[in-house]
Amino acid sequence: MLRYALKKILKLIPMMITIVIVTFFIIRMIPGDPVRLMLGKEASIETVENMREELGYNDPILIQLGRYFKTLLQGDLGECMKTGEQNLDIIKRVFPVTFCLAIFSTLFSSVVGVILGIISAVRRGKIADNAISVMTLVFISMPTFFLGLLLLLFFSLQLRWLPVYSNGSWNQFVLPVLSLGLVELGYIARTTRSSLLDVISQDYIRTARAKGLREHVVIYRDALKNALIPIITSVGMRFGSLLAGATITETVFSIRGIGSVMLEAITSRDYTLMQSCILVVALTFVVVNTLTDILYTVVDPRIRLK
């Protein structure tokens with residue numbers, strides 16, 4: 001297992017380099033002059049050009065890329081063009097908020113989604129299966145921002161149980177977690193149902209039933225264990241999408257996370273802050289996928305030999 005994990009970790013290096021390069025060039029393809037936006041429309045052309053020279057934007061693109069790699073290797077993500085604050089300090093402050101939001105949403109959607117998927121597979125074709133299928137379809141089809149607004153309207157404005165805006169306490173995460181988790185729950189429940197149905201139809205499951213084993217023993221000990229690989233894949237992908245896609249949810253609930261900071265950076269054409277936020281989210285997504293691959297070997301040791 002250690003050898004397999006080491007191979008996966010080493011593959012991260014070229015992947016991370018590729019992410020840095022792609023992010024660097026995509027950011028610079030965005031229309032608009034960040035220096036002009038930073039200085040304002042009243043700034044003279046001479047002032048703008050002096051600032052561009054000072055920031056190095058007049059250098060050839062490959063020189064800028066090389067300089068960016070050098071600063072990254074030194075642990076420097078640059079300064080925010082708007083405030084002058086170090087981007088690393090900003091990310092240290094806001095990333096834990098988004099990470100916690102993604103973790104709680106993933107835990108909620110995984111636990112509830114797997115349970116609903118098991119019930120749906122075991123009760124295939126019955127009322128419970130049909131009801132769960134309809135419910136998960138509704139959750140998948142509903143945009144997170146719309147679901148978030150409905151939750152705000154009901155739990156905050158009507159019942160007044162939870163805060164409308166972020167108030168710095170634990171209950172500020174309840175509605176955002178529900179908003180994100182309910183959508184992802186639908187995907188996980190459907191994946192669990194499909195994977196479990198494939199396993200249940202196998203001969204060894206029929207043999208286990210023929211031996212007189214209780215149904216819950218067959219499902220949880222034999223079937224579910226062998227259906228975990230697609231479920232783990234789905235959970236890993238959902239965590240990555242939650243981490244990268246929490247921008248709208250953070251905006252709806254006025255949560256200061258990396259998504260809302262990234263949106264502000266895009267609006268103000270802050271190249272350095274945009275690059276830093278996208279880079280951190282992308283690298284986290286890649287690391288999570290690598291950990292998911294390593295987790296496969298715990299569930300199925302045969303994967304190490306492939």
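Everything quoted here is computed from the prediction, not taken from an experiment.
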May I ask whether [X] and [Y] are part of the same hydrophobic cluster, defined by side-chain heavy atoms of I, L, V, M, F, W, Y residues being less than 4.5 angstrom apart, directly or through others?
X	Y	answer
Val134	Ile127	no
Tyr68	Ile13	yes
Ile103	Ile91	yes
Tyr187	Leu137	no
Val22	Phe285	no

*salt bridge (charged side-chain N to carboxylate O under 4.0 Å, His left out) involving Arg123 - partner list, sequence neighbours excluded*: none
*Residues which pass salt bridge (charged side-chain N to carboxylate O under 4.0 Å, His left out) with Arg124, listed by chain and number, not counting sequence neighbours*: none
Flag the pair [X] / [Y] as yes when at least one side-chain heavy-atom distance between them is below 4.5 Å, and no otherwise.
X	Y	value
Leu279	Met16	no
Leu72	Asp76	no
Glu264	Met274	no
Val261	Arg256	yes
Asp129	Arg193	yes
Phe95	Ile90	no
Phe69	Ile21	yes
Leu273	Cys277	yes

Is a side-chain donor or acceptor of [X] paired with a backbone partner of [Y] at a separation under 3.5 angstrom?
X	Y	answer
Asn87	Leu77	yes
Thr136	Ser133	yes
Ser194	Thr191	no
Thr290	Val286	yes
Thr23	Ile19	yes
Ser141	Val138	no
Ser195	Thr192	no
Ser276	Thr272	yes
Ser105	Leu180	no
Ser109	Glu184	no

Minimal non-hydrogen separation, [X] against [Y], with atom names:
X	Y	answer
Ile61	Phe24	CD1-CE2, 3.6 Å
Gly125	Asn130	O-ND2, 4.0 Å
Leu147	Ser179	CD2-O, 3.5 Å
Asn289	Gly236	OD1-O, 4.3 Å
Ala121	Leu197	O-CD2, 3.6 Å

*Assess whether atom CZ of Phe25 is packed by more than 12 heavy atoms of other residues, nucleotides or ligands within 6.0 Å.*
yes
*asked:* Can you confirm whether Leu10 is buried at CG, in the sense that more than 12 heavy atoms of other residues, nucleotides or ligands lie under 6.0 Å from that atom?
replied: yes
Distance from [X] atom [atom1] to [Y] atom [atom2], nearest 0.5 Å?
X	Y	atom1	atom2	result
Leu185	Thr106	CG	OG1	11.5 Å
Ile140	Met142	CD1	CE	11.5 Å
Arg190	Ile132	CZ	CD1	11.0 Å
Leu88	Arg93	CG	CZ	11.0 Å
Met262	Thr98	CE	OG1	8.0 Å

*Determine, step by step, whether Phe108 and Val112 satisfy the side-chain contact (heavy atoms from CB on, under 4.5 Å) criterion, reporting the C-alpha distance in whole Å, the side-chain angles of both residues, the deciding distance to 0.1 Å, and the verdict.*
CA-CA 6 Å; Phe108 168 71; Val112 179; 3.8 Å; yes
*Under the criterion side chain to side chain contact (heavy atoms under 4.5 Å, CB included), which of Ile188, Leu196, Leu228 is the partner of Val114?*
Ile188
_Quick check on the 6.0 Å ring-centre criterion: do Phe104 and Phe99 meet it?_
no
*Summary of ring pair (Phe, Tyr, Trp, His ring centres under 6.0 Å) pairs that have at least one residue in residues 110-136, sequence neighbours excluded*: none
